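Report on the following structure.
For ligands, and for the atoms within them, numbers begin at 1 and follow the listed sequence. Note that the structure is predicted; figures quoted are calculated from it, not measured. Positions are given from 1 along the sequence.
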Amino acid sequence: MAEPISRFRIGYALAPKKKYSFIQPSLVDLASQRGIDLVPIDVDKPLADQGPFDCVLHKMCGEDWKNQLKDYAAGNPATLVIDSPDDIERLHNRISMLDVVGELELNLETARTESFGIPKQVVIYDEGTLMNPDLWTEGLKFPVIAKPLVADGSAKSHKMSLVFNREGLSKLKPPIVLQEFVNHGGVIFKVYVVGDYVKCVKRNSLPDVSEEKVMSLESSLSFSQISNLPSHDKHSTSNLLEEAEMPPSRLITDIALGLRKATKLHLFNFDVIRDIRVGNRYLVIDINYFPGYAKMPSYETVLTDFFCDMLGKKEKD
Ligand SMILES: O=P(O)(O)O[C@@H]1[C@@H](OP(=O)(O)O)[C@H](OP(=O)(O)O)[C@H](O)[C@H](OP(=O)(O)O)[C@H]1OP(=O)(O)O
Ligand SMILES: Nc1ncnc2c1ncn2[C@@H]1O[C@H](COP(=O)(O)OP(=O)(O)O)[C@@H](O)[C@H]1O
Ligand SMILES: [Mg+2]
Ligand SMILES: [Mg+2]
């Protein structure tokens, strides 16, 4: 095949685990065939000394990286940075992350048959408040999920607890978000967004919690990254997964494109559950920047199309 006339360089700054999962030879090869070289950025060296890049992809934390990227963008206005660190930061706090869902509006057709929102939740900053539920329980009933307020990608930020009663609160370490646990049939829907491309897949989740369980002696249960565990570790919920009906694609696309616009982000996914008490009510529970795209079907094609699209638009501008 003839070489494309001009080649583009996309620099990527990713943690080693992310680099390993995302930068697969299949992605590098496909991008290369379409005139794009994926070039690693060495985060231990000044960004200003690297490049030139037509585009920068990144999932790195910290003020130093943020400042380097800002300086680089100022010095290289033709370089496209996907996405802005300030916009990404909104997803690093489990309250501001979901606030954005409240800003969305459904189109009339979808709103007639389904509704969406977020579970009831409250943020607790200190142990005094936590141990005095009269201050915060208004409208929030057990069981609740306790999530670290910060969602910065650390192992700690994924450590959750399912709390069945007041006694279970004592083990929690604020700052946390207490969120109503909503029975949802043991299945979550993960919606991957890549620019204007939207793909929804099913994943295993926590099983429903019965009234008896809430009354039982156990006060809490800890867990972490449940949707990434193999099925046999989750009380054999695999049948639930196969049988679960997908949410209406129109609704999912509406929410995805609404979030795209409201967050200004191009690369993210969000987790959705279906409230079994209502049936046609969907709740967004988590939004993640630059998720594990390699788990998405045909991720190489989807991402390469996205790169070409972004670089094409940039050239035009
Ligand atoms: O590692 P993976 O492929 O499971 O991807 C993780 C995501 O899994 P998912 O694609 O939603 O199944 C994961 O999504 P969840 O939080 O598990 O819903 C996060 O996006 C995670 O990033 P971080 O630790 O929050 O910075 C992602 O981790 P990193 O790859 O960014 O470390
Ligand atoms: N409000 C909720 N009701 C029921 N299950 C939930 C709720 N929030 C989270 N979960 C379950 O806990 C898992 C982890 O919560 P999530 O907010 O997605 O954190 P993480 O950022 O670690 O993925 C979800 O994938 C889902 O299985
Ligand atoms: Mg999640
Ligand atoms: Mg998350």
Is it true that [X] and [Y] have a side-chain N and a carboxylate O under 4.0 angstrom from each other?
{"X": "Glu218", "Y": "Lys171", "value": "no"}
{"X": "Lys66", "Y": "Glu89", "value": "yes"}
{"X": "Arg94", "Y": "Asp286", "value": "yes"}
{"X": "Arg9", "Y": "Asp54", "value": "no"}
{"X": "Arg34", "Y": "Asp305", "value": "yes"}
{"X": "Arg7", "Y": "Asp37", "value": "yes"}

inquiry  = Taking a cutoff of less than 4.0 Å between a non-hydrogen atom of the residue and any ligand atom, is Ala151 in contact with ligand 2?
reply    =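 The answer is no: ligand 2 sits nowhere under 4.0 Å from a heavy atom of Ala151.
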query = At the 4.0 Å heavy-atom cut-off, does Gln225 count as touching ligand 2?
reply =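 Gln225: no contact with ligand 2 (<4.0 Å).
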Any side-chain to backbone donor/acceptor pair from [X] onto [Y]? Under 3.5 Å, distance only.
{"X": "Lys147", "Y": "Leu178", "result": "no"}
{"X": "Asn269", "Y": "Pro291", "result": "no"}
{"X": "Gln50", "Y": "Lys45", "result": "yes"}
{"X": "Thr137", "Y": "Leu140", "result": "no"}
{"X": "Lys202", "Y": "Leu241", "result": "yes"}
{"X": "Asn280", "Y": "Thr113", "result": "yes"}

At a 4.0 Å threshold, what atoms of ligand 1 neighbour a non-hydrogen atom of [X]?
{"X": "Asp271", "result": "18 (O)"}
{"X": "Asp286", "result": "15 (P), 16 (O), 18 (O)"}
{"X": "Pro291", "result": "10 (O), 20 (O)"}
{"X": "Gly153", "result": "23 (P), 24 (O), 25 (O), 26 (O)"}
{"X": "Arg203", "result": "12 (O)"}
{"X": "Lys18", "result": "29 (P), 30 (O), 31 (O)"}

Compare [options] and give the one whose heavy atom is closest to [atom].
{"atom": "atom 22 (O) of ligand 1", "options": "Met296, Lys190, Lys59", "answer": "Lys59"}
{"atom": "atom 9 (P) of ligand 1", "options": "Lys295, Lys19, His158", "answer": "Lys295"}
{"atom": "atom 22 (O) of ligand 2", "options": "Glu180, His158, Gln121", "answer": "His158"}

ask   = Are Leu221 and Phe164 close enough, and set up right, to give a side chain to side chain contact (heavy atoms under 4.5 Å, CB included), and what steps lead you there?
value = CA-CA 8 Å; Leu221 191 97; Phe164 298 110; 4.3 Å; yes
Heavy-atom pair with the smallest gap, counting every atom of [X] and [Y]:
{"X": "Pro40", "Y": "Leu38", "value": "CD-O, 4.0 Å"}
{"X": "Leu257", "Y": "Val198", "value": "CD2-CG2, 4.1 Å"}
{"X": "Ala256", "Y": "Phe268", "value": "O-CZ, 4.0 Å"}

key: Within the 6.0 Å centroid threshold, strictly below: Phe22 and Tyr12   = no
inquiry  = Please evaluate residues Ser32 and Asp29 with respect to the criterion side chain to side chain donor-acceptor pair (under 3.5 Å), reporting the C-alpha separation (whole Å), side-chain torsions for both, the decisive distance (0.1 Å), and the verdict.
reply    = CA-CA 5 Å; Ser32 173; Asp29 289 350; over 6 Å; no
Counting each atom of ligand 2 from 1 as listed, which ones have a heavy atom of [X] under 4.0 Å away?
{"X": "Gln179", "result": "1 (N), 2 (C), 7 (C), 8 (N)"}
{"X": "Phe223", "result": "12 (O), 13 (C)"}
{"X": "Ser205", "result": "26 (C), 27 (O)"}
{"X": "Ile273", "result": "3 (N), 4 (C)"}
{"X": "Asp271", "result": "18 (O)"}
{"X": "Pro119", "result": "1 (N)"}

Could you tell me the residue and atom name of the protein heavy atom closest to [atom], and the distance to it rounded to 0.1 Å?
{"atom": "atom 15 (O) of ligand 2", "result": "Met160 SD, 3.8 Å"}
{"atom": "atom 7 (C) of ligand 2", "result": "Ile145 CD1, 3.4 Å"}
{"atom": "atom 32 (O) of ligand 1", "result": "Lys17 NZ, 2.8 Å"}
{"atom": "atom 24 (C) of ligand 2", "result": "Ile285 CD1, 3.8 Å"}
{"atom": "atom 25 (O) of ligand 2", "result": "Ile188 CD1, 3.6 Å"}
{"atom": "atom 14 (O) of ligand 1", "result": "Asn288 ND2, 3.3 Å"}
{"atom": "atom 8 (N) of ligand 2", "result": "Lys147 NZ, 2.9 Å"}
{"atom": "atom 6 (C) of ligand 1", "result": "Gly292 N, 4.1 Å"}
{"atom": "atom 5 (N) of ligand 2", "result": "His184 CE1, 3.3 Å"}
{"atom": "atom 3 (N) of ligand 2", "result": "Val182 N, 3.0 Å"}
{"atom": "atom 13 (C) of ligand 1", "result": "Gln225 NE2, 4.1 Å"}

query = Quick check: does Asn288 put an N/O/S atom under 2.8 Å from the Mg ion (ligand 4)?
reply = yes
query = Do any of the N/O/S atoms of Asp286, backbone or side chain, fall under 2.8 Å from the Mg ion (ligand 4)?
reply = yes
query = After noting the C-alpha distance and the side-chain angles of Arg260 and Asp196, does the key distance pass the salt bridge (Lys or Arg N to Asp or Glu O under 4.0 Å) rule?
reply = CA-CA 8 Å; Arg260 260 273 287 127; Asp196 293 335; 3.4 Å; yes
Backbone or side-chain N or O of [X] under 3.5 Å from ligand 2 N or O:
{"X": "Phe181", "value": "no"}
{"X": "Asp286", "value": "yes"}
{"X": "Arg94", "value": "yes"}
{"X": "Ser157", "value": "no"}

note = So for Tyr192 against ligand 1, with non-hydrogen atoms under 4.0 Å, the contacting part is side chain
task = Indicate, as side chain, backbone, both or neither, the part of Asp152 found under 4.0 angstrom from ligand 1 when only non-hydrogen atoms are considered.
result =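 For Asp152, there is no contact with ligand 1 at all, from either part.
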ask   = In terms of ring plane angle, is the pair Tyr293 and Tyr192 parallel, tilted or perpendicular, where the classes change at 30° and 60°?
value =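 Judged by the thresholds at 30° and 60°, the geometry between Tyr293 and Tyr192 is tilted.
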